[in-house]
Amino acid sequence: MKLRKLDLSTTRFAVEPAGSAPLRHTAHHVAEVFMAFLPGIELNRSSKIAIGFGPRGDDEILDGTLGATSRYIEDFDFARFDALDAHCKDEALLEALTDVLLSLPGADTVREHIEAARVQTLESGFTSRALVKKLSQRSAAHAVRVYRVLGRTCGETWYCEIIDRSNGSRVEVPMGDTPGYLDRRELFASSRLDGEAFTVFSRFKRESFRHPLG
């Protein structure tokens, strides 16, 4: 079973400083950029690993159960974290998630991949801009390229670049609100390009985005 999802969030009992950005928002791009660099590894029989920041309380610790693993950083110092500048917050979260992954059963066999993804995340400046090939389309009249962008400022944002093949003109169209802090890959799972519009569908085949072609 390949690791596909890494979730960083506070526990039910965590107390974040008043006025601070939610840790889930601060952490989203860090986890997703790291996962963008991590190859398909098998770790603790899990497709999803959740890291909870703050006291665990009576929450269950999952250890590969039904494809999920959970770990907790119960002594996380939210006040100290909130006092850091943005880049240092990114680095602190990257160090925390890396430490957790390397502590899991079987991590020694994939340590090289985890360490390489950590270095690449640092070198990227915690940003990623990836062409989503399965959503990009081409017709006689238009070409459409879809991009997923991750970063501190935008969190996660998607846009499509629509190219008029008759004259080469290009327009970038946002595919949702920015900043965003949700993984939208299930929301944007397939697409269709016809003479009227470029349309994107969710995993459940529901229309999730549509841009008319004038």
Side-chain angles (χ1 to χ4, degrees), residues 3-41 43-44 46 48-57 59 61-62 68-104 107-108 110-131 147-159 174 176-185:
L3 176 60
R4 300 186 183 282
K5 182 65 179 176
L6 181 60
D7 180 76
L8 277 61
S9 60
T10 55
T11 67
R12 293 180 296 149
F13 305 100
V15 179
E16 298 183 82
S20 65
L23 184 136
R24 176 179 288 276
H25 292 184
T26 307
H28 180 76
H29 71 282
V30 177
E32 293 297 326
V33 171
F34 176 84
M35 288 298 293
F37 287 118
L38 187 69
I41 64 169
L43 184 59
N44 205 35
S46 297
K48 178 180 179 179
I49 295 175
I51 303 173
F53 292 73
R56 177 171 69 90
D59 287 349
I61 295 179
L62 302 177
T69 290
S70 62
R71 291 293 186 269
Y72 297 87
I73 304 176
E74 298 198 63
D75 60 351
F76 188 75
D77 190 333
F78 287 96
R80 181 179 180 183
F81 177 76
D82 191 52
L84 299 174
D85 63 32
H87 183 75
C88 288
K89 286 180 180 178
D90 289 350
E91 291 185 331
L93 291 169
L94 179 62
E95 180 179 1
L97 74 84
T98 303
D99 287 347
V100 169
L101 295 182
L102 290 174
S103 73
L104 295 176
D108 284 347
V110 293
R111 174 180 291 272
E112 181 180 350
H113 296 304
I114 294 171
E115 291 285 7
R118 181 188 67 82
V119 171
Q120 289 174 295
T121 301
L122 283 169
E123 292 176 344
S124 77
F126 298 91
T127 61
S128 172
R129 175 180 175 271
L131 174 68
Y147 294 91
R148 181 185 188 223
V149 182
L150 302 164
R152 188 181 307 134
T153 302
C154 68
E156 174 174 333
T157 188
W158 293 62
Y159 73 90
D177 295 334
T178 300
Y181 304 104
L182 295 174
D183 182 349
R184 303 180 195 175
R185 284 176 292 183

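Taking CD1 of Ile51 as the reference point, atom CG of Leu6 lies at 5.0 Å (rounded to 0.5 Å). Rounding to the nearest 0.5 angstrom, the gap separating the CD atom in Glu112 from the CD1 atom in Ile41 is 12.0 Å. The distance from the OH atom of Tyr181 to the NE2 atom of His25 is 6.0 Å, given to the nearest 0.5 Å. Atoms OG and NZ, from Ser70 and Lys48 in turn, are 10.0 Å apart once rounded to the nearest 0.5 Å. With rounding to the nearest 0.5 Å, the separation of CD1 in Ile114 from CG in Leu97 is 9.5 Å. The line from CD of Glu156 to CG of Leu150 is 5.5 Å long, rounded to the nearest 0.5 Å.
Using a 4.0 Å cut-off between a side-chain N of Lys or Arg and a carboxylate O of Asp or Glu, Asp99 and Arg118 do not qualify as a salt bridge. Ion pairing between a basic and an acidic side chain is recognised when a charged N comes within 4.0 Å of a carboxylate O; Asp59 and Arg12 show such pairing.
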Q. Which is it for Val30 and Leu8 under the side chain to side chain contact (heavy atoms under 4.5 Å, CB included) test, yes or no, and what are the steps along the way?
A. CA-CA 9 Å; Val30 177; Leu8 277 61; 5.6 Å; no
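Minimum interatomic distance between Arg24 and Ser9 (heavy atoms only, all atoms of both residues): NH2-CB, 3.2 Å. Residues Pro55 and Phe13 approach most closely at O-CD1, 3.7 Å, considering heavy atoms. Minimum heavy-atom separation, Asp183 to His28: N-CE1, 3.6 Å. Contact detail for Tyr159 and Pro174: the closest heavy-atom pair is CB-CA, 4.1 Å. Pro39 and His113 make their closest contact through CG-ND1, 3.6 Å (heavy atoms, listed as atom of the first residue, atom of the second, distance).
Between Phe53 and Thr11, the closest side-chain pair of non-hydrogen atoms is not below 4.5 Å. Counting heavy atoms from C-beta on, the side chains of Arg185 and Arg4 never come closer than 4.5 Å. Two residues are said to be in side-chain contact when any heavy atoms from C-beta on lie closer than 4.5 Å; Thr178 and Val149 fail this criterion. Thr69 has its side chain within reach of Leu104: a pair of non-hydrogen atoms, C-beta onward, lies under 4.5 Å apart. Gln120 has its side chain out of reach of Leu38: every pair of non-hydrogen atoms, C-beta onward, lies at least 4.5 Å apart. The shortest side-chain heavy-atom distance between Arg71 and Ile61 falls under the 4.5 Å cut-off.
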All N/O donor-acceptor pairs, side-chain side in residues 73-82, below 3.5 Å, sequence neighbours left out:
unit_1 : atom_1 : unit_2 : atom_2 : d
Glu74  : OE1    : Arg56  : N      : 3.0
Asp77  : OD1    : Ala79  : N      : 3.3
Asp77  : OD1    : Arg80  : N      : 3.0

Got a list of side-chain donor-acceptor pairs under 3.5 Å for residues 83-93, not counting sequence neighbours?
unit_1 : atom_1 : unit_2 : atom_2 : d
Asp85  : OD1    : His87  : N      : 3.3
Asp85  : OD1    : Cys88  : N      : 2.8
His87  : NE2    : Glu91  : OE2    : 3.0
Asp90  : OD1    : His29  : NE2    : 3.1
Asp90  : OD2    : His29  : NE2    : 3.3
Asp90  : OD2    : Arg152 : NE     : 2.9
Asp90  : OD2    : Arg152 : NH2    : 2.8

